[in-house]
Each structure stands twice: as C-alpha cells, then as structure tokens.
Amino acid sequence: MRFTKMLIPTVRETPSEATAESHKLMLRAGYVRQLAAGLYIYLPLGWRVLSRINRILREEMDAIGAQEVSMPVLQPAEVWQQTGRWFDIKEEMFRLKDRGGRDMCLGMTHEETMTWLASREIRSYRQLPQVWYQIQTKLRDEARPKSGILRTREFLMKDSYSFDASAEGLEKSYKLHEDAYHRIFARCGLKFRQVESDTGMMGGAVAHEFMAPSPSGEDDIVFCAACGYQANSEIADSAPRALKPKPGGEEPYSDVHTPEKRTVEEVGRFLKEPAERFIKSILLIAAEGPVLALLRGDLQLHEKKLQRLIGPFRAAGKPEVADILGVEAGFIGPMGHDGVKIVADPVLKTGSYITGANRPHYHKRGVRADAHFRADWHDIHVAAKGDGCPRCGSALAVEKAIEIGNIFQLGTKYSAALNAVFLNESGNEEPLIMGSYGIGPARIAAAVIEQSHDKDGIIWPEAIAPFDVEVIPLAGDDPEVENAARVIYGELVRNGIEALIDDRDLRAGVKLKDADLIGIPKQIIVGQRNLREGLVELKDRRTRESRLIRPGETQDALKPRE
RNA sequence: CGGGGCGUAGCGCAGUCCGGCUAGCGCACCUGCUUUGGGAGCAGGGGGUCGGAGGUUCAAAUCCUCUCGCCCCGACCA
C-alpha cells in the first residue's frame with residue numbers, strides 16, 4: 001500500500017481530551033477518530049489492526065470447533081422479557097420502538113438470541129455439543145464512556161456460546177475456550193493473567209476474566225507470585241496482616257471517655273492506638289432493612305462483596321443511624337443491637353478491639369467477638385497489597401488491568417427461560433447447559449499499545465501490526481532512491497509480505513518520525529548515502545537496531561508471517 | 001446520577017477576573033524561492049456564527065440566565 005493513497009492523518013500535537021496512552025497514540029498516529037462520546041471511527045490503519053486481531057480470533061475459534069454466525073443487532077423485546085433482563089437491565093440498554101409500536105432493543109450481548117436459536121434448532125443430545133460465535137457490534141448506553149476505545153458505547157465483540165448436554169460437557173467447552181483464549185492473547189503479544197471473577201448479572205457459578213496489566217485498566221487484580229492464585233479484587237479473598245498481640249495481655253472490657261472523637265482516625269490519635277485495634281461499624285440500608293457491617297479499622301469495606309450477601313444497599317444517613325441504633329454516628333458499637341443484622345469480617349473473630357460504646361463521647365475497650373457481639377461472618381474487606389494469600393499465605397500483590405476477555409459457565413439460566421431443551425439418551429427433556437465467552441478486539445489493540453510503546457510511538461507485535469514492514473525512501477526527488485524503494489516494495493508484495501511504502505514528497509525527518517509513531521515493526525530505509533554503496537537499512541522498531549543489507553536480500557531478511 | 005474541568009481557525013493554546021481598535025500566537029494548509037538522513041528557512045497568503053439561545057449595555061469572546069457538547073474523579077459496568 002502506498003502512503004499517498006491511504007488515509008493516515010498523523011498529528012504532531014496530542015488532542016487535549018486524551019489521557020490514556022493508547023488513546024493519545026491512536027489519535028496521533030491516525031488509527032481512530034472520535035465521532036461523539038464513546039463512538040469511534042476506525043481509520044484504515046486501525047481497521048487493519050482490528051482485522052488482523054479478528055483473523056486470529058477466527059482461527060482459534062474455528063480450531064476448537066466453533067462455528068461463526070451473524071446475529072441481528074436490532075432485536076425484539078420478547079426474548080429479553082422472557083429471560084427477565086428486559087426489566088433487570090436499565091438505562092444501559094438502548095431501546096426503541098419500530099413503526100408498529102413494538103418494543104425493540106439494540107443488542108448489548110447475545111445470550112437471548114443465541115439461546116432462542118438453540119431452542120428452535122436443537123432437539124437431541126446427538127446434536128451436542130454446539131459452539132456458535134460471532135464477531136459483531138454491541139451497543140451499550142454506558143454511564144461513562146472513557147479512555148478512548150477502552151470503554152465505548154458501540155464496540156466490536158467476539159462472543160461465543162456453548163450448548164452441552166451435561167455439566168461435564170460444559171466443563172469441556174469451557175476448558176477449550178480457556179485454552180483458546182490463552183493462545184489468542186499470546187499470539188497478539190499481550191502480557192495477561194487469567195483471574196477468578198464475579199459472575200455478576202450473567203448468572204452461573206464459574207467465571208474467569210482475562211486481564212492485561214496496564215495503568216489505564218479499570219479493574220484491580222490480586223495475585224500471589226508464590227502459588228499462582230489470581231482473582232479480580234471484586235471477589236479476591238485475603239488474610240489481612242495479623243494483629244500484634246497487645247503487650248500486657250487482654251484488655252478488660254471497659255468504657256473510655258472520647259469527647260467529640262468520632263472517626264477511627266480521630267479516636268486513634270486521641271488514644272494513641274493504631275487503626276487495626278478498632279472495629280469500624282458501618283450502618284447500611286438494604287432492601288430487607290438495616291445492616292451493620294463490621295470491619296477492622298485499617299480495612300476498607302468492599303461494597304461488591306457485601307452486595308452479594310445482602311443485595312443492593314445504601315449508606316444510612318445520620319438521622320437514620322440515631323433512629324435505628326439509638327446512638328449518634330461516630331459512637332456506634334456492635335454490642336446489643338438485637339434487631340439489626342450484623343455482618344462482620346472474619347478478621348475480627350480473634351483479638352480484642354476498641355469500638356463505639358453506643359453512648360455519646362464514649363468508646364469501649366476490650367471488645368471481643370462472641371463475648372460482646374454476635375455476627376454473620378463473611379469476607380467483606382478489600383484485599384490489599386501485602387495481605388496474605390488465601391491459599392498459601394504469601395504476600396499478595398495488586399495491579400490495575402484491562403479486561404480483554406471473559407468466560408462464564410452459565411448453566412441453564414437462559415435455556416430454561418427460553419425453553420431451549422433437548423432429549424437425552426433416556427428420552428427425557430432437559431435444558432441445554434450453556435457457557436458464554438467474550439473477547440473485545442479493540443481492547444486487545446488498546447491493551448497492546450498500553451503495554452508496547454515508547455516516547456516516539458506505538459510498537460506493534462508482528463501478528464497484529466497493520467503492516468509487516470514500512471519502506472521509507474529518503475530524498476524522494478532522487479530517482480535512484482525512489483526507484484530502488486519501489487523495486488524493494490514490489491518484491492516484498494510479490495512475496496506475500498504486507499508492506500507500506502512512504503511515497504510522500506516529504507523531508508526525511510517527518511517520514512522517520514511518522515514511521516516510529518505508526519509503529520510498523522520493521523522499517524526498510526532507502527537513502528542516497530547507503531544506496532551509493534549498494535545498501536539499504538533494515539531497522540527494528542522495537543530495538544531500534546539496524547543493519548545494512550543489499551536491496552535484493554530484503555525478502556529473506558523479513559521472514560513472511562507464520 | 002453526584003463532584004470537578006473545558007468549549008476561541010483542522011490541532012494545541014492566549015485573550016474572559018477588570019466589557020472598548022479590524023480577535024491573536026504556534027503547528028498544519030496554499031504560492032514562490034532555497035533546503036533535503038530524525039518533525040527545515042525566508043517571503044507572501046487563505047481560513048473564525050469565540051459551542052448554541054436569550055438578556056444587560058452606546059458597546060459582549062469577556063457580565064447575567066438557560067441550554068448543548070466533550071474530558072476527568074466517583075457511582076454504574078449483564
């Protein structure tokens with residue numbers, strides 16, 4: 001491809017709205033343009049990258065026996081009403097009516113339509129398993145699109161769905177996807193981790209996410225270098241560091257005067273005690289009534305973990321605290337609130353603590369679980385760096401990551417709702433057992449850039465670069481240089497190498513800067529100086545190492561991909 | 001949805017507090033000459049409903065009201 005025939009609008013200055021590194025570079029290097037919040041145009045270079053990623057996706061999905069199909073983006077409300085998600089999902093679903101007044105929506109995922117298809121076409125266990133996938137646009141009216149193409153309202157997604165006759169079959173389909181995902185992300189040149197994840201509103205029992213570590217990521221992942229435990233912080237267990245035993249043994253259960261000292265920090269400073277000697281009591285209002293959450297003073301409440309236990313909740317206001325617990329906020333303790341459900345983090349099972357005395361301006365010392373309060377024990381704290389691994393006890397690490405893929409064991413949630421059943425060997429009707437598996441190609445591209453760039457631009461891995469090599473003639477008005485470059489370019493193309501030739505009539509510096517920005521992994525630089533010696537320069541974008549070769553050797557120097 | 005920031009030429013910005021010549025600068029773009037291995041120099045030139053609407057005023061990019069859009073933090077994220 002010739003540079004002058006291709007729309008590659010590079011810009012020197014970074015548009016001010018971009019903050020994520022991948023976003024800045026994709027704009028500057030002419031890969032994407034923004035139409036509106038969360039809506040992006042993929043320019044020729046960007047689209048080539050996505051196409052290459054999608055080709056890898058197809059190869060690996062086909063290799064595990066998955067079959068590509070195409071589903072409507074516009075969907076009738078009925079199937080979504082049958083699974084209940086028409087009502088569960090709120091503003092995030094784009095809804096509209098057709099001219100006949102029928103409720104419709106734009107597909108944000110395709111469990112419903114895939115299951116609908118299965119309900120009509122699958123009859124017998126003999127047809128199973130089936131795995132269907134598509135690479136298609138999804139639409140979600142995101143509350144907050146952000147970070148360039150990392151979180152958009154319209155995005156491409158590879159989603160596949162497995163249908164099995166048994167739990168063992170689902171396990172097998174799940175494992176096939178797991179392995180395929182490892183190959184896909186490795187081929188794309190990503191550093192990634194597979195972590196245990198929340199099943200969320202997808203339902204089902206088992207789920208994993210594939211995470212690419214990056215400071216632009218929206219998720220925190222927790223992992224143990226010693227035993228390999230890896231989980232999204234939304235579900236990660238951890239053992240917070242243990243308390244040092246109080247010198248002088250157990251404190252007696254006693255009141256202490258703490259005038260006007262309400263927060264753990266204030267009381268801690270006043271009593272000269274560290275935060276971990278406190279019980280933090282947080283009153284929340286759930287659908288079924290008030291819940292008192294108890295944590296050690298140095299730990300953070302993990303709202304997602306608690307929500308899984310008690311459903312959606314909100315913080316209680318000051319008047320509600322006084323009303324429900326009979327004491328001003330700031331002096332709450334877990335003792336003696338018989339009518340209120342109490343959920344406590346297990347770290348509080350041992351040791352004695354300081355907490356509110358349930359009367360203004362007083363706290364209690366020597367408060368111990370069971371002796372002074374009872375609770376339901378559940379892990380509700382945020383796992384932090386340095387906490388103990390739940391499996392082996394070693395110190396955990398935490399890092400930010402971009403979710404690039406996920407896999408769910410759905411079970412029969414959708415098949416039961418849509419009556420997608422089959423006859424088993426005994427002739428009995430059973431619901432299909434499903435899994436669903438997603439990958440975001442644009443997120444792969446962005447995550448790769450996040451992980452692979454330098455101050456001058458993008459550094460593409462060979463497998464997903466928009467071109468294999470860029471031929472850069474310098475001094476374009478020298479016919480010999482121009483001719484030599486054209487010959488090299490023609491040879492490369494004939495040998496099946498995807499090449500871009502920068503045939504623009506521009507100064508050397510501009511072309512070289514643009515080449516680094518665009519990030520094609522190999523550059524062949526043709527200049528007067530070297531050409532006089534019968535040589536051209538082959539340069540590696542990543543290492544910046546270059547060597548001089550003869551123009552006729554370029555095809556050999558660049559092995560064709562794969 | 002809560003909090004914050006920003007809308008002035010294609011891009012990056014100044015000017016806005018404290019109203020007042022024809023709205024400016026850099027990059028990009030066009031013409032000419034010179035230059036040509038890491039974002040060239042000189043000279044000339046084109047390009048603006050100052051996000052939009054209403055208001056105050058002799059006079060509004062600037063003050064007031066409303067509104068739209070974009071970004072960031074949080075909530076949300078099937």
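Below, read A as the first sequence line, B as the second, and so on, with proteins coming before strands; counting in each chain starts at 1.
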Nearest-neighbour nucleotide for the [X] side chain, [options] considered:
X         : options                   : value
Gln307(A) : rC76(B), rC11(B), rC73(B) : rC76(B)
Ala508(A) : rG37(B), rG39(B), rC72(B) : rG37(B)
Ala143(A) : rA75(B), rG39(B), rG37(B) : rA75(B)
Lys146(A) : rC73(B), rA28(B), rG12(B) : rC73(B)
Val510(A) : rA40(B), rG37(B), rG38(B) : rA40(B)

Practice problem: Check Ser173(A) against Asp164(A) and note the closest heavy-atom contact, atom names and distance. | Solution: OG-OD2, 2.7 Å
Exercise. Give, ordered by number, those residues of residues 27-42 of chain A having at least one heavy-atom distance below 4.0 Å to an atom of RNA chain B; if nothing qualifies, reply none.
Key: Arg28(A), Gln34(A), Ala36(A), Ala37(A)
Quiz prompt | Close side-chain approach of Ile518(A) to Tyr31(A), heavy-atom, < 4.5 Å | solution = yes
Practice problem: Compare all side-chain heavy atoms of Lys513(A) with those of Arg507(A) and state whether any distance is below 4.5 angstrom. | Solution: no
Would one find a side-chain N or O of [X] under 4.0 angstrom from OP1 or OP2 of [N]?
X         : N       : value
Arg507(A) : rU36(B) : no
Arg144(A) : rC73(B) : yes
Ser16(A)  : rC13(B) : yes

Quiz prompt | Lys305(A), Lys304(A), Arg308(A) screened by salt bridge (Lys or Arg N to Asp or Glu O under 4.0 Å) with Asp198(A), the one that passes | solution = Arg308(A)
Quiz item: With nearest nucleotides of RNA chain B determined for Lys539(A) and Arg443(A) from heavy-atom distances, which residue corresponds to the more 5′ nucleotide?
Solution: Lys539(A)
Practice problem: For Glu142(A) and for Arg153(A), locate the closest nucleotide of RNA chain B by heavy-atom distance; then report the residue assigned to the nucleotide nearer the 5' terminus. | Solution: Arg153(A)
Does any nucleotide pair with [N] by Watson-Crick or G-U wobble geometry, both distances under 3.5 Å, and what is it?
N       : value
rU56(B) : none
rG37(B) : none
rA43(B) : rU31(B)

